There are 2 protein chains.
Amino acid sequence: MKKAATGSASTQRAPTVCDIAAGAGVSRATVSLVLRESPLVHADTRARVQAELKKQNYVYNRGAANLRRRTSNAIALVINDLANPFFAEFATGVDEALGERGYVTLLGNTGESPQRQQAVLASLMEHTPAGLILSPAEHSDAAQLRSVLGPHLPVLVFNRKIEGGNWDFLALDNQHGAELATAHLIERGHRRIAFYGGHADSSSCRQRRAGFEKAMRAAGLHARKEWMIETKPSRIDSAASTPALFQGKHHPTAAVCYNDAVALGLMLGLVARSLRPGRDFALTGFDDIPEAALASPPLTTIATQPRERGRQAAELLLAQLGAAHTRFRQTTASAQLQVRASTPPPTCT
Amino acid sequence: MKKAATGSASTQRAPTVCDIAAGAGVSRATVSLVLRESPLVHADTRARVQAELKKQNYVYNRGAANLRRRTSNAIALVINDLANPFFAEFATGVDEALGERGYVTLLGNTGESPQRQQAVLASLMEHTPAGLILSPAEHSDAAQLRSVLGPHLPVLVFNRKIEGGNWDFLALDNQHGAELATAHLIERGHRRIAFYGGHADSSSCRQRRAGFEKAMRAAGLHARKEWMIETKPSRIDSAASTPALFQGKHHPTAAVCYNDAVALGLMLGLVARSLRPGRDFALTGFDDIPEAALASPPLTTIATQPRERGRQAAELLLAQLGAAHTRFRQTTASAQLQVRASTPPPTCT
DNA sequence: AAGAGTATTTAGATCGATCTAATTTCCGCG
DNA sequence: CGCGGAAATTAGATCGATCTAAATACTCTT
């Protein structure tokens, strides 16, 4: 009510616990207790302090609090390619789940550059985050990472395993996913099936190939070397590499693609050869990005639910914060087959 | 080299200026000066301190520094829909530009909810960011925002003007963009053109409609009320609303769509009616999201270069930090017409 | 009405880096 | 050799909230 007091506080600088304490006629300590909702303070006092907080439009200063508390409510989230819808969805899920639990997201994007990743992490570490969710850039080095992160920071690695890094890891079930896709094609009657796209030296590609081979073996089929084709995991390169599928005497009638981007590229490449995807040739993707459902024909794919993975990553990390960390653990998120029109039976047997 | 010293520091807790000072035989103040690259300290001393910093693997504590300095290097970035590739690209651009200038991004996502926006902003404000880049949720309230943000925080609003908010504003040239798209269709020979999609009460939709009407008027054509169709700005709802275009006696031969998502949805809706987009019906989008180029047919659209806008937003905000803020200013980013195959001339006139 | 026991409040030190206002060191020159 | 002034360094207070340990205020009980 007293204009002078309110006025001077709001125009000068942000009010502090001191100002509130003075206004409410209590000590700083009491104000601090109210802020942290301690049951120690008397209901009447609490009410008086809270009224004063509102009156002075107080905003809590986490930085100051963290200094003494030695723990913060910020979680660093470092993404290898934020512009990729898959990771944007993942980031959305992380931020959503963290926000619900009262945490704040410190964002960094590395654009697949390990150098930039080091720089970004170093910068974020200065803000003493309580933990880190890292979707690592390709060819990340465990030793380098450990040197920026220090030995104590709770870390959850997503998507790509880091060789020699003992951090908790949330994996997509690449192998099982590819197995499902392959089995689906086999069930539809395909016998000559290729595995198309991806870098064979990336762990996710190796795992998907393994799933493919396992399903083929289980059906008594042979996974031919010349039908294991590498491409960059991009639409463009995938489209350009299409001819590699049709070089020998026999051609495959279907392909399990490394991911949706590759599958969509392959569709373009097929069209360019006057083959109609979903008619003359069957193919599956991986990820279930939004476009997959809208391609023509709609793409049969493996759904990984990136937003859900983001939420899961956040929860795994927060769980790690609570408990004393024992051993590092790996979680594998299951993937589901999403059948659409791109996987008809073969036309000629 | 002395294992005991190094060991005890690294296993106990993070080293502070004190530890470095002790190790290098100087005072905390000197270490602090070295950290801030002050020219006051002697070259030899600087070298000695820096060696010690490296030796103890020191990491700067921004929180502590900010407390005294009353300024931080964190910028809050709050996005209305991070899962949308347009905003994901925007966020990528912001983070990129901020990172280059030594700033760190505090991320928040609101999912178009003004309530969540208030909560997210309140939470981020506790970290005393140096500024805010806000892509506001629909129906954001200026007064509410001002109450969370306080009167002094440098703010840059992106994309949606907030009624009654005196903040710097980076706008897309919605009107001119829509004008370009419309003029392009007219130039191709279309006369019966619809404006399809978006919420008529959103400012960006109003502006795009205004551009559409302006171009129509300029060509002596009439923008029919019944061909101004509202949909949610999503693919699904757009596809479902397609029949609205074909109700009267006369049908449009082309549509200027609110954005790419709407245009891609409309394509689906057309196909469902056995109309071939890019053959029997011409349509344009807005945004030039990556999918636009890969749709079939590839979509003629208005390119807004979201990543570039992100960089621009970051630079505008940082400029505002430097100078004493005078008046609030509006910047309008130009948009370019990107012609692709979705806009043929009309089949029957 | 005093004492035990609980409930509530608080003074003062503390977190880690920075700022202010010195103090100390260094140098050249008379 | 000592003095002035620049260069380099530093002790101690400070930022805002929290913690510790102790003081003060209640409530019963007898």
Side-chain angles (χ1 to χ4, degrees), chain A residues 9 12-50 52-53 56-74 102 123 125-130 150 152, chain B residues 9 12-50 52-53 56-74 123 125-130 150:
Chain A
Q12 290 308 313
R13 68 169 67 81
T16 73
V17 273
C18 278
D19 302 314
I20 305 301
V26 296
S27 72
R28 288 165 325 178
T30 303
V31 176
S32 177
L33 289 172
V34 170
L35 287 173
R36 283 170 295 147
E37 304 182 327
S38 160
L40 288 180
V41 353
H42 192 92
D44 298 351
T45 314
R46 190 201 327 284
R48 198 146 36 90
V49 170
Q50 274 166 342
E52 191 66 26
L53 288 169
Q56 296 199 29
N57 203 353
Y58 173 82
V59 329
Y60 190 72
N61 185 331
R62 292 264 172 205
N66 294 343
L67 191 52
R68 190 67 168 86
R69 287 186 128 190
R70 316 180 129 282
T71 166
S72 95
N73 79 137
S123 168
M125 284 303 290
E126 296 183 349
H127 291 260
T128 57
H152 300 308
Chain B
Q12 291 308 314
R13 68 169 66 82
T16 73
V17 274
C18 278
D19 302 314
I20 304 301
V26 296
S27 72
R28 288 166 326 180
T30 303
V31 175
S32 177
L33 290 172
V34 170
L35 286 173
R36 283 171 294 147
E37 304 181 328
S38 159
L40 287 179
V41 355
H42 192 91
D44 296 353
T45 314
R46 189 199 329 283
R48 198 146 35 93
V49 171
Q50 275 166 343
E52 191 66 26
L53 288 169
Q56 296 200 30
N57 203 353
Y58 172 83
V59 330
Y60 190 72
N61 184 330
R62 293 261 173 207
N66 293 342
L67 192 52
R68 191 65 167 87
R69 286 186 127 189
R70 317 180 130 284
T71 166
S72 95
N73 78 138
S123 168
M125 284 305 290
E126 296 182 350
H127 290 262
T128 57

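Scope of the values below: all heavy atoms of this structure, side chains included, with no hydrogens, waters or symmetry mates. Below, chains carry the letters A, B, ... as their sequence lines are ordered, and counting in each starts from 1. It should be emphasised that the depicted structure is a prediction, and the values quoted were computed from it without experimental measurement.
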All N/O pairs under 3.5 Å across the protein-nucleotides 8-12 of chain C interface:
residue	atom	partner	partner atom	Å
C/dT8	OP1	A/His42	ND1	3.3
C/dT9	OP1	A/Thr45	OG1	2.4
C/dT9	OP2	A/His42	N	3.0
C/dT10	OP2	A/Ser27	N	2.8
C/dT10	OP2	A/Ser27	OG	3.2
C/dT10	OP2	A/Thr30	OG1	2.7
C/dT10	O5'	A/Ser27	OG	3.4
C/dG12	N7	A/Arg28	NH2	2.9
C/dG12	O6	A/Arg28	NH2	3.2

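Here the C1' atom of nucleotide C/dC19 and the CZ atom of B/Arg69 are 11 Å apart, to the nearest Å. We find that CG of A/Leu53 is positioned 10 Å from P of D/dA17, with the value rounded to whole Å. Following rounding to the nearest Å, A/Tyr60 (OH) and D/dA17 (C1') show an atom-to-atom distance of 6 Å. Rounded to a whole Å, the CD1 atom of B/Ile20 is 12 Å from the P atom of C/dG16. If you measure from atom NE2 of A/His127 to atom C1' of C/dG16, you get 15 Å, rounded to the nearest angstrom. Atom CG of B/Leu67 and atom P of C/dC15 are 14 Å apart (whole Å). Computed from coordinates, the A/Glu126 CD to C/dG16 P distance equals 16 Å when rounded to whole Å. In this structure, CZ of B/Arg62 is placed 19 Å from P of D/dG16, rounded to the nearest angstrom.
Side-chain contact between A/Leu67 and B/Asn61 is present, with at least one heavy-atom pair separated by less than 4.5 Å. Looking at heavy atoms from C-beta onward, B/Met125 lies in side-chain contact with B/Pro129 at the 4.5 angstrom threshold. Side chains of A/Val49 and A/Leu35 form no contact here, defined as non-hydrogen atoms less than 4.5 Å apart. Contact check for A/Val26 versus A/Val41: no side-chain heavy atoms found under the 4.5 Å cut-off.
For A/Ser32 and A/Arg28, the side-chain atoms include no donor-acceptor pair closer than 3.5 Å. Side-chain contact check for B/His127 and A/Asn73: at least one donor-acceptor pair (N or O, by modelled atom type) lies under 3.5 Å.
Atom OH of B/Tyr58 sits about 9.5 Å away from atom CG of B/Asp19, to the nearest 0.5 Å.
A sub-4.0 Å separation between OP1 or OP2 of C/dC19 and a side-chain N or O of B/Arg36 is present. For the pair B/Ser32 and C/dT18, the criterion of a side-chain N or O lying under 4.0 Å from OP1 or OP2 is met.
Terminal axes of the helix from C/dA1-D/dT30 to C/dG30-D/dC1 (five pairs each, C1' rotation axis) are separated by 60°, to the nearest 10°.
Counting all heavy atoms, side chain and backbone alike, B/Ala74 lies closest to B/Ser72 at N-OG, 3.1 Å.
Among the nucleotides C/dA17, D/dA17, C/dC19, the one closest to any side-chain atom of B/Ala64 is C/dA17.
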